[in-house]
Visitor: 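Pasting a structure below so you can have a look.
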Amino acid sequence: MKKAYLAILSAAVAMTATACGTISPSVQNPPETAVTEAVEPKTEPTVPAETVDKSEEEQIKYNTFIAEFFDSNIMFTDVQKLTDDSMKDCSFEKQAESSNGIQKISLKSANGGGVLNVMCIDLSQSSISYELEYILENFGNYYFGLTSAQMNGVTEDDFVSNYRMINSMISKGKYQRYSSVQKTDGMAAQFGYTETYASLAEGRLTVISGAFLSSDMMDRQDFMRLMARFAENISY
């Protein structure tokens with residue numbers, strides 16, 4: 001009798017140990033059933049994996065375009081007249097320098113500061129074969145990202161963005177993307193604006209890309225007007 005009791009007790013302990021770790025333990029189901037249920041679902045991981053793959057493909061395509069663009073036979077041309085004409089009545093303190101064919105202008109006011117990049121790229125001898133819209137959109141987005149990232153303390157999530165691209169003819173087009181931001185910590189406010197404007201005409205890509213951040217809202221308004229003057233002076 002004692003041996004029979006011990007045998008029954010041992011069997012009960014064994015079944016209890018087998019059931020541990022399962023979500024819905026069942027004495028009737030063999031251990032193989034729990035293993036099968038743990039590895040069976042395959043559909044859920046494939047959805048985010050496909051999304052990641054598409055995102056990675058787009059990023060690779062974008063990076064390839066930027067690399068091919070700068071590796072093609074492009075030439076930077078002088079933008080001094082465009083800069084001088086557009087900044088005649090500029091109220092900001094400014095300091096300009098040329099680097100790798102790009103004129104970089106530092107802007108400063110009593111309450112803030114910013115940066116402005118101006119360039120004109122001759123594509124007439126370039127071997128790049130992308131469509132007009134693709135060049136405008138992707139190169140414009142490339143410089144918009146570089147410029148907006150220079151605003152200290154402001155992240156991409158802070159911006160309220162408005163994007164527009166206009167094509168008037170197959171041989172010429174415009175790109176414009178601009179964002180504004182207003183942040184406050186309860187004691188002080190900051191007003192920011194960033195814009196990239198691009199025009200492609202007669203084999204030349206002209207790009208103006210700038211950002212300004214200030215505690216004075218009027219600085220933002222003045223900077224927006226400055227960007228508008230540049231856009232008015234671009235040939236397209």
Side-chain angles (χ1 to χ4, degrees), residues 66 69-70 74-123 135-136 138-156 158-163 174-185 187-201 204-236:
I66 295 299
F69 184 91
F70 284 109
I74 62 174
M75 182 173 63
F76 288 85
T77 63
D78 185 59
V79 291
Q80 191 62 54
K81 186 178 186 308
L82 171 62
T83 301
D84 291 342
D85 291 344
S86 302
M87 301 192 70
K88 280 181 179 178
D89 301 319
C90 177
S91 60
F92 301 119
E93 296 180 24
K94 52 188 179 295
Q95 183 175 358
E97 63 173 318
S98 294
S99 175
N100 297 323
I102 303 171
Q103 188 164 103
K104 300 181 178 182
I105 306 168
S106 297
L107 302 172
K108 188 178 180 181
S109 71
N111 300 291
V115 63
L116 190 60
N117 295 319
V118 185
M119 71 200 78
C120 183
I121 305 171
D122 188 347
L123 301 175
I135 294 175
L136 279 171
N138 284 276
F139 193 77
N141 285 339
Y142 169 73
Y143 248 92
F144 181 84
L146 288 180
T147 306
S148 59
Q150 298 183 48
M151 302 180 72
N152 293 331
V154 176
T155 67
E156 186 177 352
D158 293 322
F159 285 112
V160 178
S161 299
N162 193 347
Y163 166 84
K174 296 188 296 183
Y175 166 99
Q176 182 184 26
R177 185 174 178 182
Y178 54 91
S179 298
S180 60
V181 63
Q182 179 174 336
K183 295 184 65 176
T184 180
D185 58 4
M187 298 180 63
Q190 284 190 315
F191 304 90
Y193 184 79
T194 180
E195 180 175 359
T196 298
Y197 191 92
S199 169
L200 182 55
R204 292 193 175 190
L205 175 62
T206 305
V207 180
I208 298 96
S209 188
F212 202 95
L213 188 64
S214 175
S215 59
D216 186 349
M217 185 173 63
M218 294 307 299
D219 282 345
R220 181 171 66 180
Q221 300 299 320
D222 290 342
F223 182 72
M224 292 170 65
R225 284 191 285 268
L226 175 61
M227 293 297 296
R229 284 198 296 272
F230 269 98
E232 291 171 359
N233 290 327
I234 295 178
S235 299
Y236 62 89

Visitor: Applying side-chain contact (heavy atoms from CB on, under 4.5 Å), can you list everything that pairs with Arg204, at least two apart in sequence or on another chain?
Guide: Thr77, Cys120, Asp122
Visitor: What distance do Gln95 atom CD and Glu97 atom CD have between them, rounded to the nearest 0.5 Å?
Guide: 7.0 Å
Visitor: According to side chain to side chain donor-acceptor pair (under 3.5 Å), does anything in residues 208-219 pair up with another residue at least two apart or in another chain? List the pairs.
Guide: Ser109-Asp219, Thr147-Ser209, Thr196-Ser209, Ser214-Asp219
Visitor: What are the two closest heavy atoms between Gly140 and Tyr175, and how far apart are they?
Guide: C-OH, 3.3 Å
Visitor: So which heavy atom on Phe230 is nearest to which on Leu116, and how close?
Guide: CE1-CD2, 3.4 Å
Visitor: Does Phe69 have its ring centroid less than 6.0 Å away from the ring centroid of Phe139?
Guide: yes
Visitor: For a 4.5 angstrom cut-off between non-hydrogen side-chain atoms, does Met119 reach Tyr143?
Guide: yes
Visitor: By the ring-ring contact (aromatic ring centres under 6.0 Å, His included) test, which pairs, at least two apart or in different chains, include something from residues 206-225?
Guide: Phe92-Phe212, Phe212-Phe223
Visitor: Which heavy atom in Leu205 sits nearest to a heavy atom in Ala198, and how many Å separate them?
Guide: CD1-CB, 4.3 Å
Visitor: Could you pull out all donor-acceptor pairs under 3.5 Å where a side-chain atom in residues 99-107 meets a protein atom, sequence neighbours excluded?
Guide:
residue: Gln103; atom: OE1; partner: Thr83; partner atom: OG1; Å: 2.9
residue: Gln103; atom: NE2; partner: Gln80; partner atom: OE1; Å: 3.0

Visitor: Can you see which heavy atom on Arg220 is nearest to which on Gly192, and at what distance?
Guide: CD-O, 3.3 Å
Visitor: For Lys88, enumerate each residue passing the side chain to side chain donor-acceptor pair (under 3.5 Å) test, keeping only those at least two apart in sequence or located in another chain.
Guide: none
Visitor: Going by heavy atoms in the side chains, are Met218 and Phe191 under 4.5 Å from each other?
Guide: no
Visitor: Is any side-chain heavy atom of Asn117 less than 4.5 Å from a side-chain heavy atom of Gln150?
Guide: yes
Visitor: Please examine the side chains of Asn233 and Lys81, heavy atoms only from C-beta on, and report whether any two atoms are closer than 4.5 Å.
Guide: no
Visitor: Atom CD in Glu232, atom CG in Asp85: separation rounded to 0.5 Å?
Guide: 12.0 Å
Visitor: Just by distance, with hydrogens left out, do Tyr193 and Glu195 show a side-chain donor and acceptor under 3.5 Å apart?
Guide: yes
Visitor: Where do Leu123 and Ile74 come nearest, in terms of heavy atoms and distance?
Guide: CD2-CG2, 3.5 Å
Visitor: By salt bridge (charged side-chain N to carboxylate O under 4.0 Å, His left out), which residues pair with Arg225, not counting sequence neighbours?
Guide: Asp222
